[in-house]
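A short worksheet on the structure shown next.
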Number of protein chains: 2
Amino acid sequence: MARSAQKTRASASGNAITADLVAVLVAVSDGVPDIMTIAGGSALPSGPFEFTHRSLQTALRAWVEAQTGHPLGYVEQLYTFADRGRSGDSKAPHSISISYLGLTREDKVGEGFEAHWHGWYEYFPWEDHRAGAPAFLAKAVAPKLRAWAKSAPSPTLQRERWQRCAITFGLDDRDWNEELVLQRYELLYEAGLIPEAGRDNGRDAPIVPGKPMTADHRRILATGIARLRAKIKYRPVVFELMPSEFTLLQLQRSVEALAGRLVHKQNFRRLIEQQELVEETGAIATDTVGRPAKLFRFRHAVLAERAVAGTKLPLSRT
Amino acid sequence: MARSAQKTRASASGNAITADLVAVLVAVSDGVPDIMTIAGGSALPSGPFEFTHRSLQTALRAWVEAQTGHPLGYVEQLYTFADRGRSGDSKAPHSISISYLGLTREDKVGEGFEAHWHGWYEYFPWEDHRAGAPAFLAKAVAPKLRAWAKSAPSPTLQRERWQRCAITFGLDDRDWNEELVLQRYELLYEAGLIPEAGRDNGRDAPIVPGKPMTADHRRILATGIARLRAKIKYRPVVFELMPSEFTLLQLQRSVEALAGRLVHKQNFRRLIEQQELVEETGAIATDTVGRPAKLFRFRHAVLAERAVAGTKLPLSRT
DNA sequence: CATCTTATGCTCAAGGAGAGTATAAATGGC
DNA sequence: GCCATTTATACTCTCCTTGAGCATAAGATG
């Protein structure tokens, strides 16, 4: 007992570090998924964790509200990062980043805050496949990835690298998997195709379009997008992003905005309705082109069940 | 810009805290899912994080090997906890717990280590439904939960509480959902039915069977079990727990041990085989009752694909 | 050889998912 | 008012998956 138990208790001694909380705060407006940013769009809202707060979430909420004037609604933890060499500024004191995903209805940012919504595809243009795969993927990215794969030391490694590229980016006739946001980002990083990679290892030439961010914030954002894309398929979280009343098409557009791909309209409605997630308000959409649509509201009553039992969204092509 | 940017940068200043790494290390032997423990089975392997390590995972591996003599294989991060009032000893310096799930083939613990494998159902007896729902659930737990629900201030709250109980524990003819491990633990905690709750709020009478653990280690364990139960259904992680050669029944028993419920044998085989996750070794199981079974090995070749494309396991009744 | 136990092959029915057709209800231009 | 256009909504059809059960094979044991 002696040895291990003592080591366990050693946690009470020194070894102080600092921990930052980082928020990926998402909203959707008119088919654009937005994230809250500070510092001119180059960083996510964040701040140090202190034990004056009761919990991590409490601390996060306080920080985000202070920085953006925007209250947090739905929140879930994403991941805790601490790798060295990813900080951008390697002389800075080491710190852990505890990241969270938050969902809100979009709102104007209050006066006096240097916080802005930015479309997340500004940071990940290769992730938007609603109008088909972006042309620059095949034209520019794929060849660079192939070159990177070829640059591996052995033929076996070359093949493995290329297989990885093909799977994550849906090349060689594979399907595009919209959930692999983080894997794609990490791959581009490894291949040195984004500015963040150069910062850390001295390489140059950002080759792939897309706005970079401070430190590893873009990686955290990728983690958040991936989580959200996975989650909307089996939990009714989209509704956190919707106004209180909406048409089924608006709901569909929001899902498509998040997923970065289109959905079969009729099947989408079938699924939503048969799961009894929504109910008609009785009202009908005004200000509309074409036949006006019924307005729906989310049935909060099902939350207890569905939050646990699950939900399904159809996510296919066309 | 001034205001928010300064706040962000404040992270570089003081606010030091400590962070512990905690491991849920899982193995399976003969239909028993085991976890590695220290301190006589009352704690999970853990230790402080220091920045001398390159990453969180590196630090975790070092700690676990030092405490248990057991090297870590597959590892994934679980969750970062920091709620106050869950520490068991509220005068201890506050600390963050970063928890990980590790999978390994079971092995003897080396000499000189106070580490032991314990079946995880010792800590969560209500989670094992392989022989049907444990009798004490309906006989003892359900009435206590109903009493707790009734003790809510308003009729609405009473109904909500009971609905929550019924959903998470599969009462009132609902299906048992084996993934809700954490929710069930939290519910029992809230209802004051487990010793850990008494430690924190002065209540008494542990009423539900199951071994408690130090601090919030049992909560972390619940998180790990829940994650693993969810994950085996769509990622080929079970194989991390299997010996290099195994029969399909052994594989099935391992899945059942983890899921805590039985599986339809023929359908299980159908799924495993059609996904090409395994291949015959050519050998045949000896030391067997009944017709001898073919031995299989995991096809590592599919890892790259399946790690991403997903896998399916049938988890039903009977 | 009868019986027990496990392995393995096959069939069937119900439900779900992907995709397409058809019709309804608005708007704007002429 | 009529037509083209746009969106909403109702159905249908087919294929695949999943849950479940039946039947047979191949060993061990007494």
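A, B, ... follow the sequence lines: proteins, then strands. Residue 1 opens every chain.
Both cation-pi conditions hold for B:R146 and B:W162: the charged atom is under 6.0 angstrom from the six-membered ring centre and inside a 45 degree cone around its axis.
Between A:F239 and A:F298, the two ring planes are parallel [angle under 30°; tilted spans 30° to 60°].
The listed nucleotides are D:dT6, D:dC11, C:dT5; the one nearest the side chain of B:V289 is C:dT5. Each of D:dG27, C:dG9, D:dA10 was ranked by its minimum atom distance to the side chain of B:E273; first place goes to C:dG9. Comparing C:dT8, C:dA17, D:dT7 by their closest approach to the side chain of A:L271 singles out C:dA17.
Evaluation of atom-type donor-acceptor distances gives a pair under 3.5 Å for the side chain of A:R291 against the base of D:dA8. Between the side chain of B:R270 and the base of D:dG19, at least one donor-acceptor pair of N or O atoms lies under 3.5 Å.
Across all strands, A:L249 comes closer than 4.0 Å only to sugar-phosphate atoms, never to a base (heavy-atom distances).
B:R269 places its CZ atom 19 Å from the P atom of D:dA23, with the value rounded to the nearest Å. Atom P of nucleotide D:dA8 and atom CZ of A:F296 are separated by 11 Å, given to the nearest angstrom. Atom-to-atom, CD of A:Q252 to P of D:dT7 comes out at 12 Å; the value is rounded to the nearest Å. In this structure, CD of B:Q266 is placed 16 Å from C1' of C:dA13, rounded to the nearest angstrom. One interatomic measurement links the two molecules: CG of A:L262 to P of C:dG20, which rounds to 14 Å at whole-angstrom precision. Going from atom CZ of A:R261 over to atom P of C:dG18 covers 10 Å, rounded to whole Å. Here the C1' atom of nucleotide C:dG15 and the CG atom of A:N267 are 14 Å apart, to the nearest Å. Counting to the nearest Å, the P atom of C:dG16 and the CD atom of A:Q275 are 10 Å from each other.
Applying the salt bridge (Lys or Arg N to Asp or Glu O under 4.0 Å) criterion to A:R161, with sequence neighbours excluded, gives no partner residue. Under the rule for a ring pair (Phe, Tyr, Trp, His ring centres under 6.0 Å), the partners of B:W176 that lie at least two apart in sequence or sit in another chain are B:H129.
The side chain of B:K265 contributes no N or O atom lying less than 4.0 Å from OP1 or OP2 of C:dT8.
No side-chain N or O of B:Q183 forms a donor-acceptor pair with one of B:Y185 less than 3.5 Å apart.
Residues B:Q274 and A:Q250 each lie close to DNA chain D; by heavy-atom proximity, the contact nearer the 5' end of the strand is made by A:Q250.
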